[in-house]
A.B. asks: 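Take a look at this one; I'll ask things after.
By convention here, the first residue in the shown sequence is residue 1.
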Amino acid sequence: MADSPRLYERAATEAVKFDALWDISDGRTFFTGPLYYNASHQHGAPVFLAGIYGNFRLRLDGGDWLSCRTAVIPAGVLHELDIGGDPLTVFYIEPNIAGADALKPLIRNTREVNGALVGTAGEISFMRDLYEDRYNPHWTAEPLADLMGFAKQRASAELIDPRISQVVEFLFEHGDDLTSVATLAGTVGLSASRFQHLFTQQIGVPFRRYRGWNRMRKAIREIIKGNNFTSAAHATGFSDSAHFSHEFRKTFGAPPTVGLQKLARLQR
């Protein structure tokens, strides 16, 4: 699918084993692959996590380490991950599609901890099937779209102020745009200070962080298409590959070489 790039990485027999799947389609970002340790970080979009073959460890905003099989973490919630090299599904949904509530039907046997939901069950087998089918030349993201549609039907509606929604849509379409906050606020009839307050209140993270998240998402798409880190960085407004790597670590709590190896095989 031309608008749904995917990246696969086969396990190396002598070096670090890594075998991951990325798919970025519409308002969804999907990753499944082995991860190790992700330092404290926060995302610009809500995320569903699922241990494909077992539990993973999660620490929320400096609290105690938890052992869980699934979790839903809203945008802006600080968290650490300790996976130990096992595959983990990481599934984001953009606020112009739906809020964190749309991810809740994907998780079961839950309890709330520091603003997030952690569970012992959920859509694990579904995510495992997608991952284990990753080398199928006919693999598509349609099952993810169907699952998201089903989840949204079961979720309660979360209405975003239409002025904020308009800017989110603009950022989603123009991930590398660097228009000033004051200018964007003016286009929707708000002062810069009021706009930034509303944005953080409704999206869960400040405007600047969400714009950075969109740039990162667009850069990853460029790498998935086959561009190297330097080309992807320049194409999306980062000064160079070092700047991109720094921001990637801030966004995901790990360097890009963990999730985006240079020796990657792209299939369409």
A.B. asks: When you measure from the side chain of Asp23 to the backbone of Ala141, do you find a donor-acceptor pair of N or O atoms at a distance under 3.5 Å?
C.D. replies: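 Checking the backbone N and O of Ala141 against the side chain of Asp23, no donor-acceptor pair under 3.5 Å is found.
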A.B. asks: Could you check Leu144 against Met148 for side chain to side chain contact (heavy atoms under 4.5 Å, CB included), going step by step and ending with a plain yes or no?
C.D. replies: CA-CA 6 Å; Leu144 280 174; Met148 201 68 261; over 6 Å; no
A.B. asks: Check whether any side-chain heavy atom of Lys225 lies under 4.5 Å from a side-chain heavy atom of Glu222, and answer yes or no.
C.D. replies: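 Yes, close enough: below the 4.5 Å cut-off.
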A.B. asks: Considering only residues two or more places apart or on different chains, which pairs with a residue in residues 52-66 satisfy side chain to side chain donor-acceptor pair (under 3.5 Å)?
C.D. replies: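 Qualifying pairs: Tyr53-Glu132, Asn55-Ser67, Arg57-Asp82, Arg59-Glu80.
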A.B. asks: Decide whether Val47 and Leu78 are clustered together by the hydrophobic rule: side chain heavy atoms of Ile, Leu, Val, Met, Phe, Trp, Tyr closer than 4.5 Å, transitively.
C.D. replies: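 Result: no, two separate clusters.
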A.B. asks: If you look at every heavy atom in Pro46 and Gly99, which pair is closest and at what distance?
C.D. replies: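 Smallest heavy-atom distance, with atoms named: CG-C, 4.1 Å.
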A.B. asks: Where is the tightest heavy-atom contact between Ala121 and Asn109, given as atom of each residue plus distance?
C.D. replies: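 Ala121 and Asn109 have their closest heavy atoms at CB-ND2, 3.9 Å.
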A.B. asks: Do the side chain of Arg108 and the main chain of Gly119 share a donor and acceptor less than 3.5 angstrom apart?
C.D. replies: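 Absent.
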A.B. asks: For the residue pair His41 and His43, does the interplanar ring angle fall in the parallel (under 30°), tilted (30 to 60°) or perpendicular (over 60°) class?
C.D. replies: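 The rings of His41 and His43 stand perpendicular, inter-plane angle above 60°.
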A.B. asks: For the residue pair Pro143 and Leu130, establish whether any side-chain heavy-atom pair is separated by less than 4.5 Å.
C.D. replies: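 When only atoms from C-beta onward are counted, Leu130 and Pro143 do touch, with a gap below 4.5 Å.
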A.B. asks: How far apart are the closest heavy atoms of Met216 and Phe238, and which atoms are they?
C.D. replies: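 Taking Met216 first and Phe238 second, the nearest heavy atoms are CE-CZ, 4.0 Å.
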A.B. asks: When you compare the side chain of Leu88 with that of Phe31, does any pair of heavy atoms fall below 4.5 Å?
C.D. replies: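 The answer is no, as the side chains (C-beta and beyond) never meet within the 4.5 Å cut-off.
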A.B. asks: So do Thr110 and Val118 actually touch side chain to side chain, heavy atoms under 4.5 Å?
C.D. replies: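 Heavy-atom side-chain distance check fails, nothing below 4.5 Å.
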A.B. asks: Measure the spacing between CG of Asp161 and CZ of Phe195 and express it to the nearest 0.5 Å.
C.D. replies: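 Rounded to the nearest 0.5 Å, the CG-CZ separation comes to 10.0 Å.
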A.B. asks: Has Thr236 got a side-chain atom pairing as donor or acceptor with Ala232's backbone, closer than 3.5 angstrom?
C.D. replies: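 Such a contact is found between Thr236 side chain and Ala232 backbone.
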A.B. asks: Output yes when a side-chain donor or acceptor of Arg249 lies under 3.5 Å from a complementary backbone atom of Ala254, and no otherwise.
C.D. replies: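 Absent.
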A.B. asks: Between His234 and Ser239, is there a donor-acceptor pair closer than 3.5 Å when you use the side chain of the first and the backbone of the second?
C.D. replies: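 Yes, because the side chain of His234 sits within donor-acceptor range (under 3.5 Å) of the backbone of Ser239.
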A.B. asks: Just by distance, do the side chain of Glu94 and the backbone of Gly27 share a donor-acceptor pair under 3.5 Å?
C.D. replies: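 Not confirmed, Glu94 side chain does not pair with Gly27 backbone.
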A.B. asks: So do the side chains of Phe56 and Leu81 get within less than 4.5 Å of each other, counting heavy atoms only?
C.D. replies: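 SC-SC contact between Phe56 and Leu81 confirmed.
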A.B. asks: What's the shortest heavy-atom distance between Gly85 and Pro34, and which atoms?
C.D. replies: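 Minimum heavy-atom separation between Gly85 and Pro34: O-CB, 3.2 Å.
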A.B. asks: Closer than 3.5 angstrom, by distance alone: can the side chain of Thr187 be matched with the main-chain N or O of Leu184 as a donor-acceptor pair?
C.D. replies: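 Yes; at least one donor-acceptor contact below 3.5 Å.
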A.B. asks: CD of Gln196 to CG of Leu190: how many Å apart, nearest 0.5 Å?
C.D. replies: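 Separation between the atoms: 11.0 Å.
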A.B. asks: Quick one, Gln201 and Ile164 - any side-chain contact, counting heavy atoms below 4.5 Å?
C.D. replies: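 Answer no - side chains too far apart.
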A.B. asks: If you look at every heavy atom in Ala185 and Ser191, which pair is closest and at what distance?
C.D. replies: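 Smallest heavy-atom distance, with atoms named: CB-O, 3.7 Å.
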A.B. asks: Evaluate the ring planes of Tyr210 and Phe199, with Trp represented by its six-membered ring, and classify them as parallel (under 30°), tilted (30 to 60°) or perpendicular (over 60°).
C.D. replies: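 The rings of Tyr210 and Phe199 sit tilted, inter-plane angle from 30° to 60°.
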A.B. asks: Any side-chain heavy atom of Val77 sitting closer than 4.5 Å to one from Asn114?
C.D. replies: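 No, every pair of side-chain atoms sits at 4.5 Å or beyond.
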A.B. asks: Could you go step by step and tell me if Arg217 and Thr29 meet the side-chain hydrogen bond (donor to acceptor under 3.5 Å, both in side chains) rule?
C.D. replies: CA-CA 8 Å; Arg217 189 174 183 270; Thr29 301; 2.7 Å; yes
A.B. asks: Begin with the C-alpha distance, continue with both residues' side-chain angles, and end with the deciding distance and a verdict on side chain to side chain contact (heavy atoms under 4.5 Å, CB included) for Leu49 and Thr89.
C.D. replies: CA-CA 5 Å; Leu49 305 174; Thr89 283; over 6 Å; no
A.B. asks: Both conditions, 6.0 Å and 45 degrees, for the charged tip of Arg28 above the ring of Phe91: are they met here?
C.D. replies: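 No.
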A.B. asks: Short question: side chain of Arg209, backbone of Thr200 - any donor-acceptor pair under 3.5 Å?
C.D. replies: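 No, because the side chain of Arg209 does not come within donor-acceptor range (under 3.5 Å) of the backbone of Thr200.
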A.B. asks: Parallel, tilted or perpendicular for Phe229 and Phe244, by the 30°/60° rule?
C.D. replies: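 It falls in the perpendicular class, over 60°.
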A.B. asks: Provide the closest heavy-atom pair for Pro95 versus Val168 in the form atom of the first, atom of the second, distance.
C.D. replies: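 Residues Pro95 and Val168, closest heavy atoms: CG-CG1, 4.0 Å.
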A.B. asks: Has Arg134 got a side-chain atom pairing as donor or acceptor with Trp139's backbone, closer than 3.5 angstrom?
C.D. replies: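 Pair absent, no side-chain N/O of Arg134 close to backbone of Trp139.
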A.B. asks: Report the C-alpha separation of Arg111 and Leu117 in whole Å, then their side-chain angles, then the decisive distance to 0.1 Å, and conclude whether the side chain to side chain contact (heavy atoms under 4.5 Å, CB included) test is met.
C.D. replies: CA-CA 6 Å; Arg111 60 191 176 104; Leu117 282 180; over 6 Å; no
A.B. asks: Atom CE of Met127 and atom OG1 of Thr70: how far apart are they, to the nearest 0.5 Å?
C.D. replies: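 Answer rounded to 0.5 Å: 10.5 Å.
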A.B. asks: Please identify each residue that fulfils salt bridge (charged side-chain N to carboxylate O under 4.0 Å, His left out) with Asp86, with sequence neighbours left out.
C.D. replies: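 Salt bridge (charged side-chain N to carboxylate O under 4.0 Å, His left out) list for Asp86, sorted by chain: empty.
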A.B. asks: Verify, without hydrogens or angle tests, whether Asn38 (side chain) and Phe252 (backbone) share a donor-acceptor contact under 3.5 angstrom.
C.D. replies: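 Side chain of Asn38 to backbone of Phe252: a pair is present.
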A.B. asks: Starting at CD1 of Ile124, measure out to OG1 of Thr120 and round the result to the nearest 0.5 Å.
C.D. replies: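 Here the interatomic distance stands at 8.0 Å.
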A.B. asks: Of all residues at least two apart in sequence or in a different chain, which pass the salt bridge (charged side-chain N to carboxylate O under 4.0 Å, His left out) check with Asp129?
C.D. replies: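 Here no residue qualifies.
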A.B. asks: Go through Thr251 and Trp213 one step at a time and tell me if the side chain to side chain contact (heavy atoms under 4.5 Å, CB included) criterion holds.
C.D. replies: CA-CA 7 Å; Thr251 302; Trp213 163 252; 3.7 Å; yes
A.B. asks: I need the Asp133 CG to Leu21 CG distance, nearest 0.5 Å.
C.D. replies: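 Separation between the atoms: 9.5 Å.
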A.B. asks: Is there a side-chain contact between Pro255 and Phe248, using heavy atoms and a 4.5 Å cut-off?
C.D. replies: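 No, side chains not in contact.
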A.B. asks: Working to the nearest 0.5 Å, report the span between OG of Ser241 and NE2 of His246.
C.D. replies: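 The distance works out to 13.5 Å.
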